[in-house]
Amino acid sequence: MSLKLYNSLSSKKEVFKSISDKKVKTYGCGPTVYNDPHIGNFRTFVFYDLLNRVLQLNGYETETAVNITDIDDKIIDRVNQENTSLKEITSKYELSFLELSKSLKILPNNHNPRATEYVEEMIEFIQALINQDLAYEMNGNIFFDIEAYPKYGKFVNISDDLETEDNELSKKNRNDFTLWKAKKDSDGDIFWDSEWGKGRPGWHTECAVMIKTLFDGRLDIHCGGIDLKFPHHENESAQIEALQKHNLSNYWLHAEHLNMDDEKMSKSLGNFIDVSTLIEKNGSDVVRLFLLSAHYRTKVSFSQKKLDECKKMIDKIKRFAKNFNIDSKNIELKFSSEHELFIDALNDDLNTPGAIGVFFSFISEMNKKIAENSINDADKEKSLVFLKLFNSIFDILDFNNLHDQNIPKELQDLLVSRQEARKNLDWKLSDSIRDKIESLGWQVEDTSSGQNLSKKK
RNA sequence: GGCGUCGUACCCAAGUGGUUUAAGGGACCGGUUUGCAAAACCGUUAUUCGUCGGUUCGAAUCCGACCGACGCCUCCA
């Protein structure tokens with residue numbers, strides 16, 4: 001099955017067709033670096049990674065960008081509150097974003113452009129819009145004139161009542177948006193010089209110009225959180241499309257929110273959970289699986305119970321994987337029908353829950369054969385291929401570390417003693433040693449091939 | 001107020017016209033196995049998909065109304 005993606009432009013699943021044959025260019029709206037990101041932010045970032053990996057699975061070479069918004073009102077607020085510098089705040093949280101991304105196995109992007117490094121281009125871009133009568137100046141602010149761009153409203157129906165005037169900024173039209181913000185006293189030394197005076201670029205212009213500079217304003221796929229659909233993405237594309245007369249992006253993908261008690265998790269509502277806290281408590285593999293365990297276009301409510309269930313799922317996969325001698329480098333990805341079902345699910349608009357279902361059905365089938373001792377070489381090979389395929393997308397297994405290799409000496413000794421006791425049929429001693437092992441945070445299982453020690457769940 | 005999304009078992013969650021008289025995970029209960037556990041395996045758990053109508057040979061899937069939840073229209077992943 002060819003890759004299908006739900007395009008927000010048409011509100012339909014569409015067969016994906018790239019601009020050039022092999023290479024796909026994607027851009028995702030990244031974090032505003034003024035705060036530690038919460039788990040909801042990372043739902044979207046992990047979704048970008050999923051898209052990237054599925055594109056690669058389909059044989060595409062990807063060129064990805066996720067921007068760093070490092071000029072913004074909230075950042076300036078923090079700079080003023082903490083009496084520090086812009087760079088100090090933004091570099092701290094940019095680093096935290098990149099580290100958490102790595103920890104959640106998000107593949108590195110080709111570009112992580114910072115808005116502050118493109119201000120010159122932004123000023124030129126705004127000037128070009130003014131020259132084309134697509135923007136106008138008002139008290140040192142520059143606004144995009146949506147009346148000059150009749151196609152405005154690709155993501156929403158702009159209704160008549162929205163045309164009421166908003167006099168606060170003396171805009172011509174309520175939906176005219178800021179390209180350049182005139183400097184305010186509270187901005188301190190955070191400003192750039194332009195022909196229209198001191199100020200700084202607006203958010204929508206930042207993304208538009210980074211895309212223009214890196215990708216010549218022409219993308220295969222633009223993605224972001226659902227809340228950015230309007231006005232951010234509307235405005236982003238309006239600027240580029242009004243000026244360049246072609247689509248900014250052929251596909252627009254929007255990820256739904258992670259909610260907290262059925263309400264959107266957000267920094268402004270204060271109902272968010274830190275990613276780092278969550279990773280520390282549950283492990284990054286569990287958090288990653290949790291974020292991928294629901295389809296990206298459905299709302300998800302956060303709960304610890306779900307994370308606990310994901311942990312159990314991972315344990316089940318690991319137990320299955322331990323049946324095989326995995327040398328992941330030497331597994332040739334030769335797909336059979338079982339694998340194709342998994343790929344089909346992913347190609348059907350990144351249906352991760354469907355793909356997980358296919359994988360678990362396969363595990364069940366193989367486990368049955370293992371229990372009956374009827375598993376053959378072909379099954380084993382299929383299993384290895386499936387494990388590798390699964391991990392190429394979900395990336396929650398460490399094949400080199402499936403067997404807990406670092407067993408402390410103390411435990412090794414206990415295992416030897418227990419082995420001895422079992423040999424002597426001294427169940428009382430054997431069980432007391434088992435209790436001791438458990439009290440140390442490990443657990444021992446007796447299998448036909450001997451004792452199997454693992455970290456306690 | 002305008003625009004939009006969603007409502008599937010005890011919980012989570014796929015499926016969006018016939019291969020599904022509804023995947024997969026968790027939980028529960030019964031069984032096989034085991035010295036006992038654990039794990040694994042087998043079986044059971046929605047004749048039903050918010051409610052009521054309609055279209056169709058056929059609907060969880062399409063249409064309408066209603067009820068309920070949420071989002072966007074202001075910063076937001």
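The sequence lines fix the lettering, A, B, ..., with proteins before strands; numbering per chain opens at 1. Keep in mind the model is a prediction, meaning the values are calculated, not measured.
The nearest whole Å value for the distance from the CD1 atom in A:Ile363 to the C1' atom in B:rC41 is 15 Å. Atom-to-atom, CE of A:Met313 to C1' of B:rG26 comes out at 9 Å; the value is rounded to the nearest Å. Rounded to whole Å, the distance from NZ on A:Lys154 to P on B:rG4 is 18 Å. The distance between atom CG of A:Asp227 and atom C1' of B:rC72, rounded to the nearest whole Å, is 9 Å. Rounding to whole angstrom units, CD of residue A:Glu234 and P of B:rC72 are separated by 16 Å. The distance from atom CG of A:Leu292 to atom P of B:rG25 is 18 Å, rounded to the nearest whole Å. Taking atom NE2 on A:His233 and atom P on B:rC75, their separation rounds to 14 Å, with Å as the unit. Following rounding to the nearest Å, A:Ile226 (CD1) and B:rC6 (P) show an atom-to-atom distance of 10 Å.
Take the nearest nucleotide of RNA chain B for A:Arg297 and for A:Glu372: the residue whose nucleotide is more 5' is A:Arg297.
Between A:Phe42 and A:Leu100, the closest side-chain pair of non-hydrogen atoms falls below 4.5 Å. Using a 4.5 Å heavy-atom threshold, the side chains of A:Leu387 and A:Leu397 count as touching.
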Detail all sub-3.5 Å separations between protein N/O atoms and N/O atoms belonging to nucleotides 28-31 of chain B.
none

Between the protein and nucleotides 33-35 of chain B, which nitrogen or oxygen pairs are less than 3.5 angstrom apart?
{"residue": "B:rG35", "atom": "O6", "partner": "A:Arg422", "partner atom": "NH1", "Å": "2.8"}
{"residue": "B:rG35", "atom": "N1", "partner": "A:Asp431", "partner atom": "OD1", "Å": "3.0"}
{"residue": "B:rG35", "atom": "N2", "partner": "A:Asp431", "partner atom": "OD2", "Å": "2.7"}

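In secondary-structure terms, RNA chain B builds stems of at least 3 consecutive Watson-Crick or G-U pairs, each pair having both distances under 3.5 Å, at B:1-7 with B:67-73, B:10-12 with B:24-26, B:29-32 with B:40-43, B:50-54 with B:62-66.
Among residues two or more places apart in sequence or in another chain, the ring pair (Phe, Tyr, Trp, His ring centres under 6.0 Å) test is passed with A:His38 by A:Phe272. Residues forming a side-chain contact (heavy atoms from CB on, under 4.5 Å) with A:Asp435 (at least two apart in sequence, or on another chain): none. Taking A:Arg288 as the reference, A:Asp49 meet the salt bridge (charged side-chain N to carboxylate O under 4.0 Å, His left out) condition, with sequence neighbours excluded. Looking at residues two or more places apart in sequence or on another chain, you find a ring pair (Phe, Tyr, Trp, His ring centres under 6.0 Å) between A:Phe394 and A:Phe390. A:Glu234 pairs by the salt bridge (charged side-chain N to carboxylate O under 4.0 Å, His left out) definition with nothing, not counting sequence neighbours. Every residue was checked against the ring pair (Phe, Tyr, Trp, His ring centres under 6.0 Å) condition with A:His295, not counting sequence neighbours, and none meets it.
With A:Ser96 as reference, A:Asp36 is the one residue of A:Val33, A:Asp36, A:Val275 to meet the side chain to side chain contact (heavy atoms under 4.5 Å, CB included) rule. Checked options A:Asp349, A:Asn351, A:Leu350; the residue passing with A:Arg297 is A:Asp349 (criterion: side chain to side chain contact (heavy atoms under 4.5 Å, CB included)).
For the pair A:Asp73 and A:Arg200, the salt-bridge criterion is met [side-chain N within less than 4.0 Å of a carboxylate O]. Salt bridge status for A:Asp315 with A:Lys311: present, with a side-chain N to carboxylate O gap under 4.0 Å.
Using a 4.0 Å cutoff on non-hydrogen atoms, the parts of residues 41-48 of chain A near RNA chain B are A:Asn41, A:Thr44, ordered by number. Within residues 24-36 of chain A, the residues that place at least one heavy atom under 4.0 Å from RNA chain B are, in residue-number order, A:Gly30, A:Thr32.
Among the nucleotides B:rA77, B:rC75, B:rC72, the one closest to any side-chain atom of A:Lys74 is B:rC75.
Taking the ring axis of A:Tyr136 as reference, the NZ or CZ atom of A:Lys172 stays within 45° of it and closer than 6.0 Å to the ring centre.
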> In the 5'-to-3' direction, what one-character label does each nucleotide of nucleotides 8-23 of chain B receive under the scheme B = base within less than 4.0 Å of a protein heavy atom, S = sugar-phosphate only, - = no such atom?
Replying inline: ---SSSSS-------B
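Here, B:rC6 and B:rC12 have their C1' atoms 16 Å apart, quoted to the whole Å.
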